[in-house]
Amino acid sequence: MPAGLLGIEELERAEIEAILARAKDFQPMQSQSLKKLDTLRGKMIVNLFYEASTRTRTSFEIAAKRMGADAVSITASGSSVTKGESLVDTLNTLAAMRPDAIVMRHAASGAPHFLARHLPTPIINAGDGTHEHPTQALLDARTILDRRATLEGLRVAIIGDIAHSRVARSNVHLLSKFGAEIVLCGPASLLPVELADLAPGVRLTTDIREAIRDAGVIMMLRVQLERQHEAAFPASEYFRFYGLRLEHLDLARPDAIVMHPGPINRGRELSSEVADFQRSVILNQVENGIAVRMAVLERIIG
Amino acid sequence: MSIVIKNGRVIDPASETDRIADVLIVDGRIAGVAPHLSSPRAEVFDAAGMIVAPGFIDMHVHLREPGFEHAETIESGSRAAAAGGFTSICPMPNTKPVNDSAMVTSYIVESARRKAVVNVFPIGAITKGSAGEELAAIGAMKDAGAVAISDDGLPVMNARVMRRAMEFAKSYGLPVIQHCEDLNLSAGGDMHEGAASVRWGLRGIPAASEDVMVARDLLLAQLTGARYHVAHISTANAVGMVEFARARGLAVTAEATPHHFTLADTGMAPYDSNYKMKPPLRSAGHREAVIAGIASGAIQAIATDHAPHPGSEKMQEFERCPFGIIGMETALGLALEELVAPGRITLCRLVELFTTGPESVLRLGRGTLEPGGPGDVTIFSTDVEWTYDVNQSFSRSRNSPFHGRTFRGGPMATVVNGEVVWRRA
C-alpha cells in the first residue's frame, strides 16, 4: 500500500482482498468484552474533520483505540481553521507534531490528494467532497461478503444522487475490480452519462424498477441536500420516483440485501418499513466500519 | 544606433518573404531586408540556422499592474514576454482599479514606457468596473492608447449591453474581445465537464457554456457590424460557428492558447491547480478541433492568456484556487512542438499566428518586416533543446503546468525597436 489511503480507484485488487480478510479477523472482537489490542500501542492518529460527521469520525476513533493507538479528533469549528489558516498551513502544523497518520474528511474533492503531495505523513481519506470515501466502500464490501461468497457477477443497484456521491464512486471502483455488475440509478440531472465510463461493468438508468430488477444488493444513497448547489430535481417528487419502498423489493432477488451508508432519512430515500426490513444490513455496515478501519490503520501504520 | 541580423531564414508573411537574408535596423526602424546587408558600426547578430521573423504579438496577457503587483508587474511581465519572443503584448483590463478609464489606460501606457522592455498596448474594459452594466469611457480610453475593449474574465452577460458596446466600439474602430462563457451554465465549475470531472468529483464547466455565448455574440456582431474577437477559443462548436460566421463575411476572429492546443482534461495532474484555467482544458476532441481551426484559418492568432497568480493562492484545495496559468515563455516552444513538428501547420503559418494574425485584429501597424516599420524582430530556432524551469521565470509567479518540460525549438533572441532585449543564454 502507498503511504496512505486516498481512494479505491488506485488500489490493487490484492490490496483490497488483504484488508477485507484482515477485517474479518477483527470482527469477533467487536462483541467480546475485552476489545482492545496493543498492535498500534504508542502510535498517534489525528482525525481532522472539516465536515460534520458522527459515524465516520467515531468509527475511526474507536478503531484506533481498539488497535491500541492514541487518537485525537479535530473538527473545523473550534480550531485554527475558523481563524483563516490555509489548509496546507494547518496540515503542516499538525504534521510537525509527528502523528503517524492523519485521517481526514474535507468538503473539497481532492483535498487529501493535494496534501499528500506536500506532506510526509500518511493521509487516510475519510471522504473528500464528491470524489471518494474509500473506507465506506471497504466496509460495504465486507458486509456483502459476510453474506455472499463472491462479488463476481453480483448485481448491485446504487440509487440516489450519484453525481454528488463519494460513496457511489468508491463502491463503483471496488465492485468493478471484482467483476460485479453495477447499475447506477437516479434523476437524470444527478446521473451524468460519463459515469458509465467510470469503471468496467457500469450501466445507468433513470428508472428505479429497472435498477432493482434481479439485483442482489440495493445500495441507497443519502439525498445530500448540502451538496446540491442548485435545484437539480424537484425535491417534492424525489421519494415518489427514487424512494425505495417494500413493493420494489419484489423485483429484486429473493435474498437481496438493502444497504445505506447512513445517516438515513426515513421517508426521503427509503420508506421506514424498508429501513427496518429484515434484509436491511444498515447496522451491520456500521459494525463492520470499525473492523475495516482497524485493518486499514494496521496496514498503514502497523 | 543600428543592428544587422545576419544569415537567418527570414520569414515575413506580410511580404511573402521566406529566404536567407539579413535584416538591418537603423534608429529603431527596419531599414532593409536583403542578402549581404551591412552598415558601419552596426551591432551584428549572427542568426545562421535560425528563423528571423517580425516581432511576435501576444494579444492576451494579464500584467496585474496596477493593483496586484505581488503576482506580476508591467516590468516583470514584459521581461517574461521578451523571454518568450514577444515584442508586443496586450494586457487585459482586470487590474485594480479596472482599466475602464483614460486615467488607468494612461497609467499603464506611461508605466510601460518607463519600465517595460517590450511594447505594451492596453485593452480597455467594456463596462465600468467590468460589472457588465454601464459602458466604460471607450472613446477616451482609445485616445489614451487602448487598442481593443474586453471585460475578459467577466463576460458581458447582458445582451443589450453587449449590443451597445459593439455599436460604440465600431464607431471608434475598436474590436470587441469576449471571454465567452455563460456564467449561469458554468457557475461553480472548476474544470471541463466530462469524463475526468465526473471521475474526480469536480464540478464541471460544460462546453455549451462557451458555445451559447459565441452564438449570441455572433448574432450581435451581425446585427451591429462590429469587429468581434473570440478570446481563447476552446470548443469544437465555437470553432465551427466562427468559421461559419467568417464564411458569411462577418468581421469575426478568434485566438487559441498554447495550453488549449497542447493539453486535454484527461492529461491533467488531478487536483493540481497548475492545470486550472478558464476556459478549462477540454476533452481530446475539442483540443483536436482547436488545432484543426488553427490549421484551417478559422483561428487567426495564438495568444497566451498569461495569468500570473502567486503560489499561496495556487496552493489550496483545487476548488478554491484561482483560474489561470502563466504562458508567455512557453508559447513558441509549444506551438513548434504541437503544431509545426507534427506537420499540422507550416512554419510560415506559425509566424502568421504570432504576427499578421493578431495584427489583423488589433491594427497596431506591426507584424511585418517591411522597411520603415518598427524594428521589432523575433529570432527563434526550430531545433534548440531547452528545459523550462519555472523557478527561473522572469514572471513573478510560478503557476505553469509546463515546468520541467524539455522543448525542441524556441526563442533565441528578441529585438524591440532595434535593441536586443533578451537572448538565450
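Sequence lines set the chain letters: A, B, ... in the order given, protein chains first and strands last, and positions in each chain run from 1. Everything numeric in this text was worked out from a predicted model, so none of it was measured.
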Using a 6.0 Å cut-off, check whether atom CZ of B:R160 has over 12 heavy atoms from anything other than its own residue.
no

Legend entry - Over 12 non-hydrogen atoms of neighbours within 6.0 angstrom of CZ in B:R320: no

Heavy atoms of B:M315 and A:F114 approach each other most closely as C-CZ, 3.4 Å

Here the pair of heavy atoms bringing A:E194 nearest to B:A195 is CG-N, 3.4 Å

Working for side chain to side chain contact (heavy atoms under 4.5 Å, CB included), residues A:R169 and B:V198
CA-CA 9 Å; A:R169 279 176 183 72; B:V198 165; 4.2 Å; yes

Exercise. Between A:E9 and B:R199, does at least one N-O distance fall below 4.0 Å, as a salt bridge requires?
Worked result: yes

Honestly, the part of B:E317 sitting under 4.5 Å from a heavy atom of chain A is both

TODO: Go through the steps for B:Y271 and A:H131 under the test side chain to side chain contact (heavy atoms under 4.5 Å, CB included), then give the verdict.
DONE: CA-CA 11 Å; B:Y271 313 112; A:H131 178 224; 3.1 Å; yes

Bottom line for B:D190: the part with an atom under 4.5 Å from chain A's heavy atoms is neither

For B:G201 and A:S109 the tightest heavy-atom approach is O-OG, 2.6 Å

